[in-house]
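What follows is a single structure, written as structure tokens, with notes after it.
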Amino acid sequence: MELLDLLLPSGCALCGLSGPPICRNCENNFSARDFDIRRKTLSGFAATSYSEEAAKLIFEFKERGQTSLAKYFASLIAPRLTSLKQINAILVPVPSGKRTTATRGFQPAQVIARQLSKQCGLANFSAIKPVAEIADQAALTREQRATNVMHSMQASEAIRGKSVILVDDIVTTGATLNEAARAVTQAGGLPIFFVTFAETIRKIGNGFAN
Ligand SMILES: [Zn+2]
């Protein structure tokens with residue numbers, strides 16, 4: 001971790017000024033939103049669309065190891081979860097592939113879920129494990145993504161009977177998210193909602209698909 005610390009940017013992830021991970025000015029200018037989205041049968045919340053700023057923040061967070069940004073991401077999501085506190089749901093991060101995790105050294109969704117748990121008071125449990133290697137989703141079409149992740153996850157039986165809020169850093173087609181929801185259902189849990197920092201509607205071929 002020490003070497004990683006040396007490589008980290010010393011300033012704000014967006015403007016490079018002030019202290020990391022994000023300065024007050026950029027935080028104030030960042031456009032968050034407050035409406036729900038949907039992927040197949042699962043509804044959820046994304047704090048922002050995949051704007052240039054959001055992409056930059058995700059890059060600093062995931063690829064440059066600026067994990068302290070998770071606290072900021074969580075602060076944009078947490079208000080949406082206060083109404084779900086009464087139903088005693090648990091936060092379950094969507095796992096990354098084993099290879100990606102080995103390269104990065106951390107699981108982005110897990111880091112965000114931990115911060116969310118601190119901020120909204122819901123329990124956090126990394127109940128889903130990858131059971132098959134998943135190829136990088138980024139280069140794949142919507143159909144390929146769905147096939148790529150099919151039955152690639154397994155959830156712990158400990159979530160049986162529990163209402164689950166899935167947590168991820170970014171949602172695109174929702175293929176990974178829906179596989180996570182399937183794994184939760186198979187283990188006897190109830191996926192009720194998902195939350196992510198950013199949502200992107202990716203251009204595929206001649207049209208847009210999400
Ligand atoms: Zn800044």
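Counting begins at 1 with the first residue of the sequence. Start at 1 and go down the list; that is how both ligands and their atoms are numbered.
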Legend entry - Within-2.8 Å protein N/O/S contacts of the Zn ion (ligand 1): C12 SG, C15 SG, C23 SG, C26 SG

Inset, instruction - Ignoring hydrogens and angles, tell me if any N or O in the side chain of N148 forms a donor-acceptor pair with the backbone of Q144 under 3.5 Å. - result: no

Inset, instruction - Please list, chain by chain and in numerical order, all residues satisfying side chain to side chain contact (heavy atoms under 4.5 Å, CB included) with S156, sequence neighbours excluded. - result: F125, A127, A158

Legend entry - Beyond-backbone contact of Q119 with L81, side-chain heavy atoms, under 4.5 angstrom: no

Legend entry - Single-linkage hydrophobic cluster, 4.5 Å side-chain cutoff, I128 and V111 together: no

Inset, instruction - For the pair R182 (side chain) and M153 (backbone), establish whether a donor and an acceptor sit closer than 3.5 Å, ignoring hydrogens and angles. - result: yes

Legend entry - Within-4.5 Å side-chain heavy-atom neighbours: P21 and E60: no

